[in-house]
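So that the names make sense, note that chain A is the first sequence line, chain B the second, and so on, each numbered from 1. Just so it is clear, the structure is predicted and the values come from calculations on it, not from any experiment. Atoms considered below: every heavy atom in the structure, side chains included; atoms not considered: hydrogens, waters and symmetry mates.
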There are 2 protein chains.
Amino acid sequence: MTTKTKIMKAAEELFAHGGFHHTTMRAITSKAGVNLSAVNYHFGSKEALLTAIFDMHWTPINEERVQRLSRVAKKSQEEPQPPTIEEAMRSFIEPTFALFQSGASGGYFRIIVGRALSEPDQTVREIFLHRVMPVIEMLKDLLCQAMPRTSRAEVSWKLRFALGAMSQTLTGHNQPPLFYLGEEKVSSGVVDLLIGFIVKGMQE
Amino acid sequence: MTTKTKIMKAAEELFAHGGFHHTTMRAITSKAGVNLSAVNYHFGSKEALLTAIFDMHWTPINEERVQRLSRVAKKSQEEPQPPTIEEAMRSFIEPTFALFQSGASGGYFRIIVGRALSEPDQTVREIFLHRVMPVIEMLKDLLCQAMPRTSRAEVSWKLRFALGAMSQTLTGHNQPPLFYLGEEKVSSGVVDLLIGFIVKGMQE
DNA sequence: GTCTATATGCCGATAGAC
DNA sequence: GTCTATCGGCATATAGAC
């Protein structure tokens, strides 16, 4: 494993566990077993390291989401039927968890993302928002079509509720210590439970 | 206004805006217009200051919640009818927002609470969890009665989704910069929108 | 109770040898 | 590319004058 990879792997876990600001370069390099200067050599700064981690995991997730949302939008234009809330939300939510569950990447990255919505740290929030907002807008447009009798302001709020619920699933799945309500080992079915919750909640 | 009050007021706003760790004692005392040492003299430490802020706002909210939840539990025992999801959730959610809307206190405290669920900072999380868990347990028991056909594990997850949605409402209300989805000025009706979303989402 | 001054320590980042 | 050594800054906390 290259030094660069070792750093990213260690940083991902530490950022997930303790947050960006609380995690020090010394902790990262120590865990990775590399020299303190290596972060600045390979990434330029602590912030650039976070960005690199974010892009590595986030790009494929977002591409999948955009693809699926576009497909739903196209289908609803061809047919004379508006999209359903469920297919819109599934297109957004499923790619997020699919990557995590495939195992290879980002078991810890999930927690960073789950936390990003209520992140007080400007650095983290800006990196996150800049990448997620365009997709959110696509999703919101579809939802407005799916709920023609609901004002755009109300759709915005409902979408926000949905993202809050999703955020808790991201941080909580396999990570009880964060906020343990007990008996949360549904595991495989949780994503469907989440989607069901959101779809019913959004209904007009 | 006493020095102690001035400090608490300034700290509350800064903690809400930038998070606990990111906020420095210098920023707090400077904003409050008092000396740097005053925090340690009046509270003992930065952490104790946060605890004091938390208790000031949280105690009355929690008392109201426990009172209302107890009333629901008692009623469902006397009648042969289980409680409804709506009355259980209302008993928990409404006191939270009622205090904030009454104006006098904690406009900024709301954001601290809303963020606490996904807080990476151990200090903040522990203060919060220690105070909210008993009430959450009461609420969960009522929800299990309201959803007799749903397993406790599933109720736990649904409750978690609900808290995630609520968290977004707490941070977002009047605080667009955090995560602005646009047109979110429903304001007065947002709490009812939130409760409607949660109740429908939880339905068996 | 409130101030100044300072102790003590960790932070991110960089310079420069190898 | 990787190391050591260190810079300049800011953090919390406290000692002691007033």
Flag for A:Ser118-B:Ser118: side-chain donor and acceptor within less than 3.5 Å: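 Yes, A:Ser118 and B:Ser118 have a side-chain donor paired with an acceptor closer than 3.5 Å.
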[Y]/[X] salt bridge by N-O under 4.0 Å criterion:
X        : Y        : result
B:Arg152 : B:Glu137 : yes
A:Lys75  : A:Glu87  : yes
A:Glu119 : B:Arg115 : no
B:Asp192 : B:Arg90  : yes

Provide, to the nearest angstrom, the distance between the [atom1] atom belonging to [X] and the [atom2] atom belonging to [N].
X       : N      : atom1 : atom2 : result
B:Ile7  : D:dA13 : CD1   : P     : 13 Å
B:His22 : C:dC10 : NE2   : P     : 21 Å
A:Arg26 : C:dC10 : CZ    : P     : 9 Å
B:His21 : D:dC10 : NE2   : P     : 18 Å
B:Met1  : C:dG1  : CE    : C1'   : 17 Å
B:Met25 : C:dG9  : CE    : C1'   : 15 Å
A:Ile28 : C:dG12 : CD1   : C1'   : 11 Å
A:Leu14 : C:dC11 : CG    : C1'   : 16 Å

Checking all strands, does A:Thr29 fall into the base, sugar-phosphate, or nothing category for heavy-atom contacts under 4.0 angstrom?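 Here A:Thr29 touches no strand at all.
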Mind checking if B:Thr2 touches a base, just sugar-phosphate, or nothing, with heavy atoms under 4.0 Å?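 Contact class for B:Thr2: none.
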Strand-adjacent residues in residues 34-48 of chain B, judged by heavy atoms under 4.0 Å from DNA chain D: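 Output list: B:Leu36, B:Ser37, B:Asn40, B:Ser45, B:Lys46.
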Would you please test A:His21 and B:His22 for ring-ring contact (aromatic ring centres under 6.0 Å, His included) and show each step? CA-CA 8 Å; A:His21 248 110; B:His22 181 253; 5.3 Å; yes
Listed pairs under 3.5 Å, donor-acceptor, residues 194-204 of chain A side chains, sequence neighbours left out:
unit_1	atom_1	unit_2	atom_2	d
A:Lys200	NZ	B:Gln203	O	2.7
A:Glu204	OE2	A:Arg149	N	2.9
A:Glu204	OE2	A:Thr150	N	3.0
A:Glu204	OE2	A:Thr150	OG1	2.7

Closest to side chain of A:Thr3, choosing from D:dT2, D:dA11, C:dA13: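 The closest nucleotide is D:dT2.
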